[in-house]
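Just so it is clear, the values below take in all heavy atoms, side chains as well, and ignore hydrogens, waters and symmetry mates.
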Amino acid sequence: MALPRFNKKLNIYSSLAKKKGINNVPGVDMIDDPSLTYEFIMGNLEALHSNCVGPIIDHFNNLPGSSGNSIGITSAYRCKELNAAINPPGVKNSQHIKGYAVDLIYTEGEASELFNWAILNLPTWGQMIWEFPEKGAFSGGNYSPSWLHISYQEGKNNKDLSLASSREDLHEYYKGTNTTRRGVYTHGITDADQTLI
């Protein structure tokens with residue numbers, strides 16, 4: 001089956017940017033960093049879509065019983081001003097600023113399902129983070145659920161897997177010789193265990 005077509009608007013739109021009057025069109029940060037051209041960022045977003053986002057959308061939207069619109073992009077490209085305005089603020093060198101990363105929600109299931117499917121089925125990615133699973137699924141009016149952060153950067157796809165959580169018990173569960181802890185992140189996990197939530 002053909003991959004879903006890349007949608008520029010979905011990869012640039014931000015309700016927070018609109019609310020705060022922030023210009024989130026790629027290229028706006030060229031004054032600080034001339035490499036952040038419209039073409040550079042859009043090329044990165046298209047590569048991310050082709051290699052990671054498209055296959056995820058294609059698979060989950062075609063599952064039996066799916067509405068066909070089950071994957072939502074909550075944040076892809078962020079200009080520097082928008083990245084600083086989110087709560088909590090994005091890291092200063094966020095992959096979102098260069099169009100290398102996207103945050104996805106699964107409106108018909110758990111973010112862990114996206115995470116685990118991608119591990120087994122995507123040939124390459126840079127980083128995947130199972131983000132705050134304690135937030136739960138997108139249902140019953142929960143419009144701020146757990147999400148999947150996934151990145152793709154040509155030549156720098158190390159297949160890093162991480163958990164972000166404010167729950168100490170989750171970090172303890174994943175604690176091991178191959179994991180490292182930094183703040184709310186445990187890096188080096190191998191899967192997303194939904195039974196822990």
Exam field: side chain [X] to backbone [Y], donor-acceptor pair closer than 3.5 Å:
X    : Y    : value
N11  : N7   : yes
R182 : V184 : no
E113 : E110 : yes
H96  : A76  : yes
N157 : G126 : yes
N61  : S70  : yes
K20  : S15  : no
Y174 : D191 : yes

All ring-ring contact (aromatic ring centres under 6.0 Å, His included) counterparts of W117, not counting sequence neighbours: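 Testing W117 for ring-ring contact (aromatic ring centres under 6.0 Å, His included), a comparison that skips the adjacent residues, returns H59, F60.
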side-chain hydrogen bond (donor to acceptor under 3.5 Å, both in side chains) against S112, all qualifying residues, sequence neighbours excluded: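 Partners of S112 under the side-chain hydrogen bond (donor to acceptor under 3.5 Å, both in side chains) test: Q194.
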Over 12 foreign heavy atoms within 6.0 Å of CG, N178: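 It does not: N178 CG has 12 such atoms or fewer within range.
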I31 atom CD1, neighbour heavy-atom count above 12 within 6.0 Å: no
Spacing of CG belonging to N24 relative to CD1 belonging to I12, to within rounding of 0.5 Å: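 Here the interatomic distance stands at 7.5 Å.
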SG on C52 to OH on Y152, rounded to 0.5 Å: 7.5 Å
Exercise: identify the closest heavy-atom pair between A164 and E131: CB-OE1, 3.3 Å
The single option from H171, E134, K135 passing side-chain hydrogen bond (donor to acceptor under 3.5 Å, both in side chains) against S165: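 So the option named by the test is E134.
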Beyond-backbone contact of T124 with L122, side-chain heavy atoms, under 4.5 angstrom: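 The answer is no; the side chains never approach within 4.5 Å.
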Contacts table for residues 80-90: side-chain donor-acceptor under 3.5 angstrom, sequence neighbours left out:
from : atom 1 : to  : atom 2 : distance (Å)
N83  : OD1    : R78 : NH1    : 2.9
N83  : ND2    : G90 : O      : 3.4
N83  : ND2    : V91 : O      : 2.9

